[in-house]
Asks: 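Please find one structure pasted underneath; my questions will follow.
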Amino acid sequence: MSEKLLPEARLPRHPDPSRVRRIASDAEALEAARRLAAEFAPGASQRDRERILPWDELDRWSESGLGGITVPRAHGGADVSYATLAEVFVILCTADPALGQIPQNHFGLLGVLREIGTEEQQRRFYAEVLAGGRLGNAGPERKSKTILHGETRLQRTADGLRLTGQRFYSTGALFAHRIPARALDDEGRPVQVWVPRDAPGLSVIDDWASFGQRTTASGSVKFDAVPVDAGDVLPVWQLADRPGLFGPNSQLVQAAIDQGIAIAAVADAIAFVREKARPWLDSGVERAADDPHLIQDVGRLQVDLHAAHEVLHEAARTLDAIAAGPVTAEASARASVAVAEAKVLTTRIALDASEKLFELAGSSATRAQHNLDRHWRNARTHTLHDPVRWKTHLIGKYLLNHVLPPRHSWN
């Protein structure tokens, strides 16, 4: 099933504020994530197989209050720890990594708002989020030289500010109430424009056709002279000149998504070996679960899975410690390095577990009815977002030569 959705065809519903829960603590956030995961998991395979977009599920996500868990307490949010944020994504992405990935940019954008938003912008946008509003960015341009280059422009005209350009890899935009987009202003400086989803001239097109993470709807966004309020523009060019945690925050969520994929793949491998796989004829055992080779492989997978999860937790705790004090250039670098280490391990276990699943479960596990290949498709697709080879490079340069990582959302 493929949908071509323009704003006039379907807009996300604004949740009834009276139905949106206000989460007040880390414990409440984790409980809300577990509750939603239990609801989302049974339909995950069908949504992937038939590409059923999770509109209703995201409405429930909004009503759960999870969208506001990183809002500062001064603005009415729970301001949960980075450790809790990471674990929320692990829980949701174990249940359905495509659905779980959709809010990734929501929290990345809130991280940018925290660092460079004015008091008025924070007051207004945080209030929208606490009322159930969803954010989904208009991602990089498809044919630009690099992710940070592009031709999208915010120009001052006789009729006011106007935004023009086309973006791709826009995870969450189709379902969002605001779509922040990166552009260059008249002075050539990068800015972030928080465009309302129903703005005239804004089109969101569901042309995402990847073999994995199929229901993220990470397709195109077009801006055709979209009118922009000056109060909706954030000066992201300032981020390059000040140390912060917006990059490590974004990358921590990415690593947590991969960890969720890995946990689900290992769980399905164990279940299939126990319940459906046959022992090899030379094994001399009655059950596949008693094959000593399979037992050893499952043990090794579990060790790697646990190691990746613990390093993810350690990275999150590092961010929490750094956030508690002034964020210096050195502290920001340590945060990037810590999260890079987690990203290396979660990438490897997501790929290894989703591949090893079939070796452990046997040829019958490849039957389409089981749809177990979705784990590998999801892992392979999502881990390509930011090449893990550059994570090891970042770590090595820091340790050997004390080179601080560049400041952007991919570090």
Side-chain angles (χ1 to χ4, degrees), residues 7-8 11-12 14 17 67-68 70-72 74-77 105-141 144 147-168 170 172-204 220-242 244 246-247 249-250 407-409:
E8 61 269 28
L11 289 170
H14 284 274
T70 62
V71 171
H75 289 274
N105 291 319
H106 175 98
F107 290 102
L109 293 160
L110 289 177
V112 172
L113 178 65
R114 179 186 288 255
E115 296 199 14
I116 61 168
T118 65
E119 179 63 27
E120 190 281 330
Q121 287 173 326
Q122 291 180 351
R123 178 194 60 77
R124 185 159 49 93
F125 293 142
Y126 284 145
E128 290 181 11
V129 166
L130 289 171
R134 297 191 295 268
L135 307 173
N137 81 324
E141 294 182 8
S144 59
I147 288 175
L148 293 177
H149 290 80
E151 298 182 359
T152 302
R153 295 290 184 271
L154 178 66
Q155 297 174 309
R156 191 171 298 280
T157 72
D159 297 318
L161 291 174
R162 293 293 183 269
L163 180 65
T164 300
Q166 182 168 350
R167 317 292 289 190
F168 197 63
S170 303
L174 187 68
F175 312 104
H177 301 104
R178 276 191 185 270
I179 303 177
R182 187 183 181 92
L184 295 180
D185 66 10
D186 287 332
E187 298 179 51
R189 301 174 304 184
V191 293
Q192 193 177 77
V193 188
W194 287 44
V195 185
R197 176 68 170 80
D198 57 359
L202 168 62
S203 301
V204 182
S220 299
V221 178
K222 294 182 180 179
F223 302 98
D224 185 7
V226 174
V228 171
D229 188 306
D232 291 347
V233 180
L234 272 66
V236 293
W237 55 270
Q238 294 179 359
L239 291 173
D241 298 323
R242 65 173 72 172
F246 77 98
N249 169 61
S250 178
R407 296 189 192 119
H408 53 64
S409 295

Asks: When you measure from the side chain of R167 to the backbone of G139, do you find a donor-acceptor pair of N or O atoms at a distance under 3.5 Å?
Replies: yes
Asks: Go through the steps to decide whether V195 and D232 satisfy the test side-chain contact (heavy atoms from CB on, under 4.5 Å), and finish with yes or no.
Replies: CA-CA 7 Å; V195 185; D232 291 347; over 6 Å; no
Asks: Which atoms form the tightest heavy-atom contact between R197 and P12, and what is the distance?
Replies: CG-CD, 3.9 Å
Asks: Distance from L154 atom CG to D186 atom CG, nearest 0.5 Å?
Replies: 7.0 Å
Asks: I would like to know whether T152 and E141 meet side-chain hydrogen bond (donor to acceptor under 3.5 Å, both in side chains); could you show each step before the answer?
Replies: CA-CA 8 Å; T152 302; E141 294 182 8; 2.7 Å; yes
Asks: Please work out whether the ring planes of H75 and Y126 are parallel, tilted or perpendicular, with thresholds of 30° and 60°.
Replies: tilted
Asks: Are the side chain of R134 and the backbone of G172 linked by a donor-acceptor contact shorter than 3.5 Å?
Replies: no
Asks: Side chains of H177 and P196: does their closest heavy-atom pair fall under 4.5 Å?
Replies: no
Asks: When you compare the side chain of E128 with that of L135, does any pair of heavy atoms fall below 4.5 Å?
Replies: no
Asks: Return yes if some donor-acceptor pair links the side-chain N/O of R162 with the main-chain N/O of Q155 below 3.5 Å, else return no.
Replies: no
Asks: Checking side-chain contact (heavy atoms from CB on, under 4.5 Å) between W194 and each of L113, I179, V233, which is the one that passes?
Replies: L113
Asks: Give the minimum heavy-atom separation between V129 and G68, together with the two atoms involved.
Replies: CG1-CA, 3.8 Å
Asks: For a quick test of reading the model, state the closest non-hydrogen atom pair linking F107 to N249 and the distance between them.
Replies: O-ND2, 3.4 Å
Asks: Would you say F125 and L234 make side-chain contact, with heavy atoms under 4.5 Å?
Replies: yes
Asks: Would you name the heavy atoms of L110 and G67 that are closest together and state the gap between them?
Replies: CD1-O, 3.8 Å
Asks: Applying the side chain to side chain donor-acceptor pair (under 3.5 Å) test to R123, which of Q121, E119, E120 qualifies?
Replies: E120
Asks: Q192 vs N137, test: side-chain contact (heavy atoms from CB on, under 4.5 Å). Steps then yes/no.
Replies: CA-CA 10 Å; Q192 193 177 77; N137 81 324; over 6 Å; no
Asks: Closer than 3.5 angstrom, by distance alone: can the side chain of T164 be matched with the main-chain N or O of A225 as a donor-acceptor pair?
Replies: yes
Asks: Would you say CZ of R156 has more than 12 non-hydrogen atoms from neighbouring residues, nucleotides or ligands within 6.0 angstrom?
Replies: no
Asks: Go through the steps to decide whether I116 and R242 satisfy the test side-chain contact (heavy atoms from CB on, under 4.5 Å), and finish with yes or no.
Replies: CA-CA 10 Å; I116 61 168; R242 65 173 72 172; 3.7 Å; yes
Asks: To the nearest 0.5 Å, what is the distance between CZ (R178) and NE2 (H106)?
Replies: 13.0 Å
Asks: Any donor and acceptor pair, going by atom type alone, linking the side chain of R114 with main-chain N or O of T70 inside 3.5 Å?
Replies: yes
Asks: What's the shortest heavy-atom distance between A181 and A138, and which atoms?
Replies: CB-CB, 3.7 Å
Asks: Given side chains that start at C-beta, do those of P227 and L161 come closer than 4.5 Å, heavy atoms only?
Replies: no
